[in-house]
There are 2 protein chains.
Amino acid sequence: MKIGEIANAAGVTTSRIRFYEKRGIIAPAARGPNGYRDYPEDLIALLRFIEQAQGLGFTLREIASVEVRSGPHPISCAEAIGLLAGKRDAVDALIAEAEERKRRIDSLISELQKSQAKSEN
Amino acid sequence: MKIGEIANAAGVTTSRIRFYEKRGIIAPAARGPNGYRDYPEDLIALLRFIEQAQGLGFTLREIASVEVRSGPHPISCAEAIGLLAGKRDAVDALIAEAEERKRRIDSLISELQKSQAKSEN
DNA sequence: ATAGGGTTTGAACCTAGGTTGAAGGTTAGG
DNA sequence: CCTAACCTTCAACCTAGGTTCAAACCCTAT
């Protein structure tokens, strides 16, 4: 498959695929006699996996480090669980921070509403 | 006060203050006869306010747009409440998204744990 | 007078995740 | 054969919020 075809199939842009290759997130593509990149269909799944992982909060750097090791065979279940657990903790921390922020905003609002009630400002 | 003094007092770097001035977040400073920036003590409070607002999730662009109008007199209570309410909604949306993300991660983890239990992989 | 610290400017650099453009080679259809 | 739509590379640009550097100027103490 040519880059445009696979980009279409996976729902990403061609520039993004080239960018991933340059950054080492995906392996360099095989080339046809004309120099065009030639992809196996498998790559569609990988591109979707990358999007999913990003949606779960993994950075491209993290995704790449997993990809590197999963070249011949996939990473172990235990390893994957460890990565996911770490990410869940990070998301938990993010939620806690956001909730704290929300509390501060709310208390500021109610403070302002009180002072507004006193003097019609 | 010179830039280093006020930076120290407010707990920010000098480069950050110059950056704020360049971006229009704070007004251009008065200059002494030697060309050095000369700040009133008031600016300490403003710098702290900026940090607080950032901590509440306001971008510098948003902060600047408030600052611009509050030159002569501060913005009204009602206006401030409106801004804060908008930001609280954004934080709410962020929390909801993060919780959804966490749910997806958790379900992936428990799926993996099931398949791990079946075959010691 | 000289060393050290502080200050000035502008420009370049940084992370993250890409997009956009220029200049050129290729391929398919009519 | 010509044109449109692909593909190639490399480099520059983008947001956000700054930091770092270079070259020069200023001030104070010894």
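Fair warning: this is a prediction, and the values are worked out from it, not measured in the lab.
Nucleotides of DNA chain D lying under 4.0 Å from heavy atoms of chain B occupy a range whose first and last members, 5' to 3', are D/dA16 to D/dC27.
Axis orientation changes by 30° from one end of the helix from C/dA1-D/dT30 to C/dG30-D/dC1 to the other, with each end axis drawn from 5 pairs and the value rounded to 10°.
Between the CG atom of B/L108 and the CZ atom of A/R88 there is a distance of 12.0 Å, given to the nearest 0.5 Å. The structure places CZ of A/F19 at 6.0 Å from CG of A/L60, a figure rounded to the nearest 0.5 Å.
Sequence neighbours left out, the pairs with a member in residues 23-49 of chain B that pass side chain to side chain donor-acceptor pair (under 3.5 Å) are B/E21-B/R37.
Among the candidates B/T14, B/V12, B/L43, the single residue satisfying the side chain to side chain contact (heavy atoms under 4.5 Å, CB included) test with B/I6 is B/L43.
In this structure, B/R18 reaches the bases: a heavy-atom distance under 4.0 Å links it to at least one base atom across the strands shown.
Rounded to an integer number of Å, the gap from B/N8 CG to C/dG5 C1' is 14 Å. The CD1-C1' distance, from B/I17 to C/dT7, rounds to 13 Å in whole Å.
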Solution key, residues 93-100 of chain B side-chain donor-acceptor pairs under 3.5 Å, sequence neighbours excluded:
unit_1 : atom_1 : unit_2 : atom_2 : d
B/E100 : OE1    : B/R103 : NE     : 3.4
B/E100 : OE1    : B/R103 : NH2    : 3.1

Please tabulate, for the side chains in residues 50-59 of chain B, all donor-acceptor contacts under 3.5 angstrom to protein atoms that are two or more places apart in sequence or on a different chain.
unit_1 : atom_1 : unit_2 : atom_2 : d
B/E51  : OE2    : B/R16  : NH2    : 2.6
B/T59  : OG1    : B/R61  : N      : 3.4
B/T59  : OG1    : B/E62  : N      : 3.2

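Of all heavy-atom pairs spanning A/S110 and A/S107, the tightest one is OG-O, 3.2 Å. The nearest pair of heavy atoms linking B/C77 to A/S115 is SG-OG, 3.6 Å. Between A/L112 and B/A80, the shortest heavy-atom contact is CD1-CB, 3.8 Å. Of all the heavy atoms in A/I105 and B/V91, the pair that sits closest is CD1-CG2, 4.1 Å.
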Legend entry - Nucleotide-resolved protein contact map, nucleotides 18-28 of chain C, B/S/- at heavy-atom distance under 4.0 Å: BSB----BBS-
